[in-house]
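Since the model is a prediction, treat every value here as computed from it, not as a measurement.
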Amino acid sequence: MSSRRSRSRQSSSSRITDDQIHELVSKLQALLPETRSRGSDKVCFFASASKVLQETCNYIRSLHREVDDLSERLSELLATADINSAQAAIIRNLLM
């Protein structure tokens, strides 16, 4: 029985409050370029929280695509540059 009590105490102490969720979603929203300009619209927070999470996932996917595209462009530049040039050294450093 004591293990149940300790698990119960542990889970209740590690639970996140609605205020903490609100604060974290607000911080996340502030990082998103599309939502940064909207300011602090507080329309139905929990409905918008799922939208913020979806926008975050979409933004991360777009950043991955952008990184892939830039890496590909740098690789193409490296292939056309003189291997011993300063430009090639810079490109190699960017690719690492």
| query | Closest heavy-atom contact between L31 and Y59? | reply | O-CE2, 4.4 Å
| query | What residues form a side-chain hydrogen bond (donor to acceptor under 3.5 Å, both in side chains) with Q20, not counting sequence neighbours? | reply | T17
| said: Holding to side chain to side chain contact (heavy atoms under 4.5 Å, CB included), I want the full list of residues that pass it with I60, two or more places apart in sequence or in another chain. | reply: T56, H64
| message | I'd like to know if I16 and V25 are part of one continuous hydrophobic network [Ile/Leu/Val/Met/Phe/Trp/Tyr, side-chain heavy atoms within less than 4.5 Å]. | response | yes
| query | Once you round to the nearest 0.5 Å, how far does NZ of K27 lie from NE2 of H22? | reply | 12.5 Å
| query | Honestly curious: do L63 and V52 fall in one hydrophobic cluster under the side-chain, below-4.5 Å linking rule? | reply | yes
Could you tabulate the donor-acceptor pairs under 3.5 Å formed by side-chain atoms of residues 83-96, not counting sequence neighbours?
unit_1 : atom_1 : unit_2 : atom_2 : d
S85    : OG     : D82    : O      : 2.8
S85    : OG     : A88    : N      : 3.1
R92    : NH1    : I83    : O      : 3.2
R92    : NH2    : I83    : O      : 3.4
N93    : ND2    : A89    : O      : 3.4

| note | Taken in chain and number order and not counting sequence neighbours, the residues that satisfy side chain to side chain contact (heavy atoms under 4.5 Å, CB included) with T80 are none
| side chain to side chain contact (heavy atoms under 4.5 Å, CB included) partners for R73, two or more places apart | L70
| said: Would you compute the distance between atom CD of E76 and atom OG of S71 and round it to the nearest 0.5 angstrom? | reply: 11.0 Å
| query | Who are the side chain to side chain contact (heavy atoms under 4.5 Å, CB included) partners of R61, not counting sequence neighbours? | reply | Q54, C57, N58, R65
